[in-house]
Student: 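Quick one: the structure is below, questions incoming.
Only this structure's heavy atoms are used, side chains among them; waters, hydrogens and symmetry mates stay out. Computed from a prediction, not measured in an experiment: that's the story for all the values here.
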Amino acid sequence: MRKQWVLLSSLCIWLVSCQPTDTESSQPVLLLSGSAQFSRYVAVGDGLSVGYQNNVLSQEGQNGSFPNLLAQVLGQAGGGKFLQPPLVLRYAGPPLSNLGVPGLRLGDVQVPGLAQTNPFFERLLPTSQPTLTYLEWVKSQTPPTFFSLWLGYNDAFDFVTTGGTRPTTDLGLFTKNLNALLDVLLTSGTKGVLGNLPDPATLPLLTTRTFANLPGPRNVPIYIRTGNGTVRPATGDDLLLTTADSIGISNRVGFPKGFVSAYPLNNEDVLDVDEVAQAQATVSAYNKAITDIATARQLPVMNANSLYRHVQATAKEATDGSTTTLYQLFFSTDSAYPTRQGYLLIANECIRVINTYYGSKLPGVTGFP
């Protein structure tokens with residue numbers, strides 16, 4: 001545990017040294033906020049914006065979400081109340097501040113009836129308007145004076161988490177819908193920050209287990225079925241999902257799964273080398289689109305890709321190559337979403353970007369509400 005907190009401290013130092021001094025704490029709101037205005041902060045996003053972790057949405061997770069942590073800091077610079085939905089079937093209160101929806105894909109924000117397949121979204125819609133699109137719903141909750149928009153994770157990582165069986169979102173649709181959301185969010189004088197996407201290879205979902213450390217007969221290759229249907233021995237460039245749970249289990253004729261070519265691991269259990277390349281190329285294309293759009297609209301980008309890489313590198317250095325500390329410190333038990341400590345680092349990276357771009361003097365987050 002002590003090593004984990006040492007690592008957390010080193011990451012906080014790397015991200016931003018922005019704790020308030022006695023002088024800063026007494027500065028007027030306008031000086032703290034710079035050229036931004038934080039009276040109505042809205043967070044648009046997916047599970048990463050609502051503190052989703054350990055494969056569940058919880059009140060504790062929402063409290064520790066990066067937008068809620070960020071909102072506590074913005075409150076020192078004129079930010080208003082940050083309203084998050086209670087964990088109920090239907091929300092019928094005033095406009096929300098945290099508009100994150102677990103499982104949301106940027107490609108689906110203009111799909112009517114999305115609530116029929118996403119219960120996290122269904123609970124937010126009024127009973128009289130069950131077919132609202134996410135874009136229409138966001139418009140009904142705005143306008144903000146400041147926003148964070150971090151979407152696209154599921155557009156690429158649904159492909160990753162299913163071993164390449166679920167397609168990624170078309171880049172043209174991704175770009176179109178990102179612009180449509182910004183058209184709604186950006187009114188006169190509105191400021192905001194976008195977030196880009198991490199490299200899939202930084203997730204413990206793909207890095208925790210390797211074919212070399214699988215249990216089974218010595219010197220026996222592990223056979224996989226690739227995305228194109230080929231059965232072959234796995235290599236070090238193929239990545240095994242942590243969710244693969246039937247390895248070595250014998251079938252009716254006694255073949256242990258994965259250890260004979262006649263009974264290979266399913267395509268869903270593995271991201272083969274070609275699928276890894278496809279996932280990384282997709283994320284790179286999405287990130288370029290995010291950067292290009294942000295530049296055109298004069299908005300800064302929170303570089304989650306760089307942050308995740310740094311977390312992975314630091315964790316590996318701290319544990320001599322093991323990903324155990326990375327897994328326990330930054331990522332929750334689902335191996336894909338951050339822990340409370342991870343969301344704190346993300347909040348501080350947002351603060352660093354906001355301070356740099358808008359000339360604000362926001363202090364860093366040091367704890368949880």
Side-chain angles (χ1 to χ4, degrees), residues 45-48 103-108 150-175 177-178 194-212 222 224-230 232 234-244 265-295 301-317 321 323 326-327 330-331 334-338 342 345-346 349:
D46 48 35
L48 288 167
L104 180 67
R105 291 161 62 108
L106 188 53
D108 293 337
W150 193 17
L151 258 177
Y153 189 79
N154 295 306
D155 297 79
F157 289 95
D158 281 358
F159 174 86
V160 172
T161 58
T162 60
T165 60
R166 185 174 183 185
T168 59
T169 297
D170 174 76
L171 180 61
L173 180 60
F174 184 98
T175 302
N177 284 354
L178 180 56
L194 302 185
N196 71 9
L197 308 175
D199 183 336
T202 62
L203 297 180
L205 178 74
L206 296 175
T207 61
T208 299
R209 303 169 71 187
T210 66
F211 290 104
I222 306 298
I224 65 171
R225 188 180 301 280
T226 66
N228 62 17
T230 301
R232 61 165 174 79
T235 72
D237 294 322
D238 302 310
L239 301 181
L240 178 65
L241 273 68
T242 58
T243 51
L265 299 186
N266 297 336
N267 179 33
E268 293 87 343
D269 294 330
V270 180
L271 209 65
D272 67 61
V273 60
D274 294 331
E275 291 169 333
V276 172
Q278 181 180 342
Q280 290 181 317
T282 297
V283 168
S284 293
Y286 288 169
N287 282 346
K288 184 178 186 303
I290 290 169
T291 299
D292 289 348
I293 290 171
T295 300
V301 175
M302 185 272 293
N303 195 338
N305 193 15
S306 177
L307 173 61
Y308 276 53
R309 286 179 184 276
H310 187 79
V311 168
Q312 183 186 42
T314 307
K316 286 184 175 180
E317 291 169 6
T323 57
L326 169 64
Y327 180 84
F330 190 84
F331 290 100
D334 56 34
S335 300
Y337 285 87
L345 294 176
I346 292 167
E349 176 62 4

Student: Can you name the ring-ring contact (aromatic ring centres under 6.0 Å, His included) partners of Tyr153, sequence neighbours left out?
Tutor: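 Residues passing ring-ring contact (aromatic ring centres under 6.0 Å, His included) with Tyr153: Phe157, Tyr337.
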Student: Could you pull out the closest heavy-atom pair between Pro338 and Ile346, with the gap in Å?
Tutor: CG-CD1, 3.9 Å
Student: Would you mind reporting whether Asn287 and Asn305 have side-chain heavy atoms less than 4.5 Å apart?
Tutor: yes
Student: Sequence neighbours left out, what passes side-chain hydrogen bond (donor to acceptor under 3.5 Å, both in side chains) with Asp272? Give chain and number order.
Tutor: none
Student: Is the side chain of Asp237 donor-acceptor paired with the backbone N or O of Val273 at a distance under 3.5 Å, no angle test?
Tutor: no
Student: Would you confirm whether Gln312, through its side chain, and Ala201, through its main-chain N or O, come within 3.5 Å as a donor-acceptor pair?
Tutor: yes
Student: Supply the atom-to-atom distance Leu239 CG to Arg209 CZ, rounded to the nearest 0.5 angstrom.
Tutor: 12.5 Å
Student: Can you sort out the partners of Thr295 under side-chain hydrogen bond (donor to acceptor under 3.5 Å, both in side chains), two or more places apart, ordered by chain and number?
Tutor: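 With neighbours one apart ignored, the set is empty.
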Student: Any side-chain heavy atom of Leu178 within less than 4.5 Å of one from Leu151?
Tutor: no
Student: When you compare the side chain of Ile222 with that of Leu265, does any pair of heavy atoms fall below 4.5 Å?
Tutor: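 A side-chain contact exists here, since the closest heavy-atom pair is under 4.5 Å.
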Student: Could you give the distance from CG (Leu104) to CG (Asp108), rounded to the nearest 0.5 Å?
Tutor: 7.0 Å
Student: Heavy-atom distance under 4.5 Å between the side chains of Thr175 and Ile293, does that happen here?
Tutor: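 Yes, close enough: below the 4.5 Å cut-off.
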Student: Just so I know, are the side chains of Asp238 and Glu275 near enough to count as touching, which here means a heavy-atom distance under 4.5 Å?
Tutor: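 In short, these two side chains do not touch, never coming nearer than 4.5 Å.
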Student: Report yes if some heavy atom in the side chain of Asp269 is under 4.5 Å from a heavy atom in the side chain of Ile224; otherwise report no.
Tutor: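 Sidechains of Ile224 and Asp269: no contact.
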Student: Any side-chain heavy atom of Asn196 sitting closer than 4.5 Å to one from Tyr286?
Tutor: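 No, their side chains stay 4.5 Å or more apart.
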Student: Say whether, by atom type as modelled, one donor and one acceptor occur between the side chain of Thr230 and the main chain of Thr226 under 3.5 angstrom.
Tutor: no
Student: Answer yes or no: is there a donor N or O on one side and an acceptor on the other, between the side chain of Trp150 and the main chain of Leu194, under 3.5 Å?
Tutor: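 No, because the side chain of Trp150 does not come within donor-acceptor range (under 3.5 Å) of the backbone of Leu194.
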Student: Leu206 vs Leu241, test: side-chain contact (heavy atoms from CB on, under 4.5 Å). Steps then yes/no.
Tutor: CA-CA 5 Å; Leu206 296 175; Leu241 273 68; 3.5 Å; yes
Student: Contact between Thr242 and Thr208 at the side-chain level, heavy atoms closer than 4.5 Å - yes or no?
Tutor: yes
Student: Ignoring hydrogens, what is the shortest heavy-atom contact between Asn177 and Leu106? Give both atom names and the distance.
Tutor: ND2-O, 2.8 Å
Student: Test: side chain to side chain donor-acceptor pair (under 3.5 Å). Region: residues 158-169. Which pairs qualify, not counting sequence neighbours?
Tutor: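 Sorted result for residues 158-169: Arg105-Asp158, Arg105-Thr169, Asp155-Thr169, Asp158-Arg166, Thr162-Thr165.
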Student: What residues, two or more places apart in sequence or in another chain, satisfy side-chain hydrogen bond (donor to acceptor under 3.5 Å, both in side chains) together with Gln280?
Tutor: Asp199
Student: Test side-chain contact (heavy atoms from CB on, under 4.5 Å) on Phe331 and Leu203 and set out the steps.
Tutor: CA-CA 8 Å; Phe331 290 100; Leu203 297 180; 3.6 Å; yes
Student: For Pro198 and Ala304, work out which heavy atoms get closest and say how close.
Tutor: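 Heavy atoms of Pro198 and Ala304 come nearest at CB-O, 4.4 Å.
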Student: Can you name the side-chain hydrogen bond (donor to acceptor under 3.5 Å, both in side chains) partners of Asp274, sequence neighbours left out?
Tutor: none
Student: Identify the heavy atoms of Leu173 and Gly107 that sit nearest to each other, and give their distance.
Tutor: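 Closest pair (atom of Leu173, atom of Gly107, distance): CD2-O, 3.5 Å.
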Student: Closest approach of Thr282 and Ala156, non-hydrogen atoms and distance?
Tutor: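 That closest heavy-atom pairing would be CG2-CB, 4.5 Å.
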Student: List the atom of Val160, the atom of Ala279, and the distance in Å for their closest heavy-atom pair.
Tutor: CG2-CB, 3.9 Å
